[in-house]
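Input: a single structure, listed below in structure tokens.
Just so you know, these numbers come straight off a predicted model, no measurement behind them.
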Amino acid sequence: MAVDTMIHAHQLLPVEPSNCLLIDHSLIVDNGRIIELLPTEHAHKKYTSHNSECFNHHLILPGLVNIHTHAAMSLLRGVADDLALMDWLQHHIWPLEQKWVSPEFVADGVELAIAEMIRGGITCFNDMYFFPDIAAEQALRHSMRAGIGLIVFDFPTVWANSSADYLQKAEALYQTLAHEPLIKMTLAPHAPYTVSDQPLSKIAELSQRYNLPVHMHVHETADEVAQSLTQYGKRPIQRLQELGLINPLFIAVHATQLTTDEIALFGQAGVHIAHCPESNLKLASGFCPIAQACATGVNIAIGTDGAASNNDLDLLGEMRTAALLAKAVAQDASVISAEQALRMATINGAKALGLDHEIGSLQAGKAADFIAIDMDELETLPLYQPISQLVYATPRNQVTDVWIAGKRVLKQRQLTTFDTEALKAKAKAWQQRLKAS
């Protein structure tokens, strides 16, 4: 039988089932989907392809899912570091955004972010930013899978004039993009302190009507919780629960300020947490208790946040930080194994987006989103436990090849859909504009 692509790997890591490493197996791809995983000796007898490759020193695994980004903010990388969250937002980021954010800014920033993410093995990102239509255009242009957040604030911005305007644009864009196979729409109210009850109630209704995830910063800092207690007499999660948002479609971003009861509520309600450990550390926002949350059944996925607060979009590094930080917070070296961390960066992210039937693991019938990581480098030798080595020792520059829906978007460390020199020139041009301001 003739197929589009045959990938023969000494080590193939499907993620599902857990702790499974397939030796001398082949991944068979046709029409953008995985047809079969089988021993290589059998693959040669069963299939033929003009595109057949051997990866004898690599791990082949599912593409990484970055569950929380502000992709266009790659153009703000490093403009305001070493500051507390609200100082960073109110006195630096928001004024710069008010002056500079435009369709051009978003197009160039998202393009830069997509290039960085692909080079680091990320095949799907979940975004929250202005001009989501432009972000979707760039994702489609570069064959990138994306969750496109339909952002909502109470106040006017360059994207919309009021919460009603945001919601009207959100519904219109959903109708436009709903049938794009690489795009997953989410509702993205910014945070409890920037969106009032009426639009949040409308978001809860739209989420149920269209089966859309709600992607929102929640309990990011202690100040946020204190402000809510002063303004509403209740913690943000209680307020969101009363508005009908705490359910299996809810993705709580950061969640560093959780009580035991709130963790139990998340577990019972099927809420997902978008854990962004490095951004939380850099902004001193707090620690998400992911070991405790995992023990109650909460689905934990990993995000980088934006490059303005991280300052990179490196999900391999984020996996390592998540696992190590969880051990320190729990004071237990046995919590959050390497295998659990890998699941958080793959199948758990897919599950949070409602895409676990499509991506996040290498299984017959799923989309062919997968990556090759060269493990035959000084930094990853000797190689005793491949999953542990992947999480605890492997840098992102060892990602050599990336496929999304069967299309190769990184080939031997070279991006296939980008003019990298032109992209560098755009980034440097924005640097000069922002420095001048």
List the steps and the verdict of ring pair (Phe, Tyr, Trp, His ring centres under 6.0 Å) for H217 and H215. CA-CA 7 Å; H217 301 101; H215 171 213; 7.1 Å; no
Pair [X], [Y]: side-chain N/O donor-acceptor within cut-off below 3.5 Å:
X: E220; Y: Y193; answer: no
X: S285; Y: H254; answer: no
X: N310; Y: S279; answer: no
X: E171; Y: Y210; answer: yes
X: T304; Y: N66; answer: yes
X: H68; Y: D305; answer: yes

Would you say the side-chain atoms of [X] pair up with the backbone N or O of [Y], donor to acceptor, closer than 3.5 Å?
X: N299; Y: N348; result: yes
X: T69; Y: N126; result: yes
X: D4; Y: N31; result: yes
X: H272; Y: I251; result: no
X: S49; Y: V3; result: yes
X: H70; Y: M128; result: yes
X: R239; Y: Y232; result: no
X: T186; Y: A188; result: no

Considering residues at least two apart in sequence or located in another chain, which fulfil the salt bridge (charged side-chain N to carboxylate O under 4.0 Å, His left out) criterion with [X]?
X: D133; value: none
X: D332; value: none
X: R320; value: none
X: E116; value: R77, R396

Flag the pair [X] / [Y] as yes when at least one side-chain heavy-atom distance between them is below 4.5 Å, and no otherwise.
X: Q363; Y: I34; answer: no
X: I373; Y: H58; answer: no
X: D154; Y: P199; answer: yes
X: L316; Y: Q398; answer: no
X: Y174; Y: L187; answer: no
X: C294; Y: M344; answer: yes
X: W100; Y: L76; answer: no
X: L258; Y: I237; answer: yes

Is [X] salt-bridged to [Y], going by a charged N under 4.0 Å from an acidic O?
X: E242; Y: K234; result: yes
X: E104; Y: R433; result: yes
X: E224; Y: R235; result: no

What's the verdict on side chain to side chain donor-acceptor pair (under 3.5 Å) for D374 and T400, showing C-alpha distance, side-chain angles and the deciding distance? CA-CA 7 Å; D374 186 358; T400 63; over 6 Å; no
Please give me the minimum heavy-atom distance between [X] and [Y], naming the atom from each residue.
X: A135; Y: V106; value: N-CG1, 4.2 Å
X: A71; Y: A113; value: O-CB, 3.4 Å
X: S74; Y: A307; value: CA-CB, 3.8 Å
X: S143; Y: V409; value: CB-CG1, 4.1 Å
X: F105; Y: A72; value: CE2-O, 3.7 Å
X: L200; Y: P189; value: CD2-CB, 3.9 Å

Can you classify the ring geometry of W403 versus F370 as parallel (below 30°), tilted (30 to 60°) or perpendicular (above 60°)? parallel
Indicate the ring-plane relationship of F155 and F153, choosing parallel, tilted or perpendicular according to the 30° and 60° boundaries. tilted
D369 pairs by salt bridge (Lys or Arg N to Asp or Glu O under 4.0 Å) with which of R145, K407, R408? R145
What's the spacing between [X] [atom1] and [Y] [atom2] if we round to 0.5 Å?
X: L13; Y: L390; atom1: CG; atom2: CG; value: 7.0 Å
X: L313; Y: L64; atom1: CG; atom2: CG; value: 12.5 Å
X: I290; Y: I302; atom1: CD1; atom2: CD1; value: 6.5 Å
X: L324; Y: I336; atom1: CG; atom2: CD1; value: 11.5 Å
X: L283; Y: D82; atom1: CG; atom2: CG; value: 10.0 Å
X: L249; Y: I246; atom1: CG; atom2: CD1; value: 11.5 Å

Partner of W159 under ring pair (Phe, Tyr, Trp, His ring centres under 6.0 Å), picked from F130, F131, Y129, is F131
What residue among L22, I7, L59 forms side-chain contact (heavy atoms from CB on, under 4.5 Å) with L12? L22
Contacts of A107 meeting side-chain contact (heavy atoms from CB on, under 4.5 Å) (sequence neighbours excluded), chain-then-number -> I134, Q138
Using the side-chain hydrogen bond (donor to acceptor under 3.5 Å, both in side chains) rule, pick out the option among K184, K366, R33 that qualifies with E358. R33
Tell me, yes or no, whether the heavy-atom count around [X] atom [atom1], taken from other residues, nucleotides or ligands under 6.0 Å, exceeds 12.
X: Q198; atom1: CD; answer: no
X: D419; atom1: CG; answer: yes
X: Q168; atom1: CD; answer: no
X: K351; atom1: NZ; answer: no
X: Q98; atom1: CD; answer: no
X: Q331; atom1: CD; answer: no

Kindly write out the residues that satisfy side chain to side chain donor-acceptor pair (under 3.5 Å) with H142, not counting sequence neighbours, or none if the list is empty. E111, T417
